[in-house]
Amino acid sequence: MSTPWLMLVAAGLLEVIWAIGLKYTDGFSRIMPSVITIAAMIGSVWLLALALKSIPVGTGYAVWTGIGAVGTAILGIILFNEAATVARLACIGLIVAGIFGLKLVSSAT
């Protein structure tokens, strides 16, 4: 996997951190969770911007949001006891398939 793709994956993982972090900030009223969440937001967007120098914007943005959506949904199930129905897990699987499909057909190195 090339550096732009590694940056994109890291950006997506930071998106998961800030999305889950929002739950812990209690409306940005708790300092430490808020600081971590804001730092993850900045890092996520910064890495996305760097990755988009080489990866097409449509592909990069879709992969970034896909990683964030999948990671956040899975952690929602694990951390917050959200529903883990077959239909929900199948839809998460479709997002993962889309992420891999976009990587396969991307012209970026």
Side-chain angles (χ1 to χ4, degrees):
M1 191 177 298
S2 67
T3 302
W5 281 96
L6 291 174
M7 286 189 288
L8 184 58
V9 169
L13 294 174
L14 284 172
E15 185 185 4
V16 174
I17 291 169
W18 70 254
I20 293 297
L22 286 172
K23 183 82 168 170
Y24 292 102
T25 68
D26 196 25
F28 288 105
S29 65
R30 298 178 61 215
I31 296 297
M32 192 49 66
S34 296
V35 168
I36 292 168
T37 299
I38 291 167
M41 287 175 171
I42 292 167
S44 179
V45 172
W46 179 65
L47 287 171
L48 173 63
L50 292 176
L52 292 181
K53 287 181 173 183
S54 301
I55 298 171
V57 68
T59 299
Y61 186 76
V63 169
W64 179 64
T65 57
I67 291 169
V70 168
T72 303
I74 290 170
L75 284 178
I77 291 167
I78 294 168
L79 298 174
F80 307 122
N81 293 320
E82 294 177 0
T85 63
V86 172
R88 187 169 188 201
L89 295 174
C91 290
I92 291 169
L94 289 171
I95 296 170
V96 171
I99 291 168
F100 282 111
L102 285 170
K103 169 61 173 116
L104 289 174
V105 301
S106 174
S107 61
T109 56

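Values in this document were obtained by computation on a predicted structure and should not be read as measured data. We count residues from 1, following the sequence as given.
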- Say whether I95 and L13 are linked into one hydrophobic cluster, either directly or through other cluster members, by side-chain heavy-atom distances under 4.5 angstrom. yes
- Note on the structure: Correct closest heavy-atom pair for A84 and L89 would be O-CD1, 3.8 Å
- Item | Closest approach of L102 to A62 (non-hydrogen atoms, all atoms of both residues) | CD1-CB, 3.6 Å
- Message: Pair I55, Y61 - check side-chain contact (heavy atoms from CB on, under 4.5 Å), show working.
- Response: CA-CA 9 Å; I55 298 171; Y61 186 76; over 6 Å; no
- May I ask you to test the S106-W5 pair for a side-chain heavy-atom distance under 4.5 Å? yes
- Item | Rounded distance (nearest 0.5 Å) linking atom CZ of F100 with atom CG of L104 | 8.5 Å
- Task: Answer with yes or no whether the hydrophobic clustering places V45 together with V63; edges join I, L, V, M, F, W, Y residues whose side-chain heavy atoms lie under 4.5 Å apart.
- Result: yes
- Is it true that M7 and W46 fall in one hydrophobic cluster, defined by side-chain heavy atoms closer than 4.5 Å? yes
- Task: Decide yes or no on side-chain contact (heavy atoms from CB on, under 4.5 Å) for I38 and T25, but give the supporting numbers first.
- Result: CA-CA 10 Å; I38 291 167; T25 68; over 6 Å; no
- Item | Minimal non-hydrogen separation, I17 against A40, with atom names | CG2-CB, 3.8 Å
- Query: Knowing that exactly one of I92, V16, L75, T65 qualifies, which makes a side chain to side chain contact (heavy atoms under 4.5 Å, CB included) with V70?
  - Reply: I92
- Start with the C-alpha distance between R30 and I36, add both sets of side-chain angles, then the distance that settles side-chain contact (heavy atoms from CB on, under 4.5 Å), and finish with yes or no. CA-CA 11 Å; R30 298 178 61 215; I36 292 168; over 6 Å; no
- Task: Using modelled atom types only, decide if a donor and an acceptor are shared between the side chain of S29 and the backbone of D26 within a distance under 3.5 Å.
- Result: yes
- Report yes or no: do L48 and V57 belong to one cluster of Ile/Leu/Val/Met/Phe/Trp/Tyr joined by side chain heavy-atom distances under 4.5 Å? yes
- Task: May I ask you to check whether S44 and W64 show a side-chain donor-acceptor distance below 3.5 Å?
- Result: yes
- Contact check, side chains of E15 and M41, non-hydrogen atoms, under 4.5 Å: no
- Looking only at non-hydrogen atoms, find the nearest pair between G60 and L52 and report the distance. CA-CD2, 3.8 Å
- Any F80 side-chain heavy atom under 4.5 Å of I20 side chain: yes
- Message: I want to check something: taking the side chain as every heavy atom from C-beta on, are L47 and L8 in contact at a cut-off of under 4.5 Å?
- Response: no
- Task: State, to 0.1 Å, how close R88 and A83 come at their nearest heavy-atom pair, and which atoms those are.
- Result: NH1-O, 2.7 Å
- Of all the heavy-atom pairs spanning A19 and T72, show the shortest one and how long it is. CB-OG1, 3.5 Å
